Participant: 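This is the structure, below, for whatever I ask next.
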Amino acid sequence: MSLTTLIVWALIVAAALLIARAYRRESIGGHPASVSDSGPDRGVEGLLAERYARGEIDDEEYKRRLEVLRSHAPKPTLP
């Protein structure tokens, strides 16, 4: 194989890996990772819910942290 052929195959493999990695990130949890219409706090609440689902935190801690997140959420501004 020539050096050019080797470089082309390396680029094809690298591109395939990057595409697979991006696809895997988007499909975590069955939905896109970035949900723009629900605001930034939904992402944080989602992370908290994932930790609760994995058993990393118990009921009491989940409820306490969720209450703190929601109490510090920015209020929507009127136009």
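All of these numbers come straight from a predicted model, not from anything done at the bench. Residues: numbered from 1 along the sequence shown. The basis for the numbers below is simple: all heavy atoms, side chains too, and nothing from hydrogens, waters or symmetry mates.
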Participant: Just so I know, are the side chains of Arg64 and Glu67 near enough to count as touching, which here means a heavy-atom distance under 4.5 Å?
Facilitator: no
Participant: Taking all atoms of both residues into account, what is the closest heavy-atom pair of Leu48 and Leu66, and its distance?
Facilitator: CD2-N, 3.6 Å
Participant: How long is the straight-line distance from OH of Tyr62 back to CD of Glu56, given to the nearest 0.5 Å?
Facilitator: 13.5 Å
Participant: Under the side-chain contact (heavy atoms from CB on, under 4.5 Å) test, which residues partner Asp59, sequence neighbours left out?
Facilitator: Tyr52
Participant: About how many Å separate NZ of Lys63 and CG of Asp58, when rounded to the nearest 0.5 Å?
Facilitator: 10.0 Å
Participant: Does the side chain of Val68 reach to within under 4.5 Å of the side chain of Arg65, using non-hydrogen atoms?
Facilitator: no
Participant: May I have the list of side-chain donor-acceptor pairs in residues 4-16 shorter than 3.5 Å, sequence neighbours left out?
Facilitator:
| from | atom 1 | to | atom 2 | distance (Å) |
| --- | --- | --- | --- | --- |
| Thr5 | OG1 | Ser2 | OG | 3.1 |

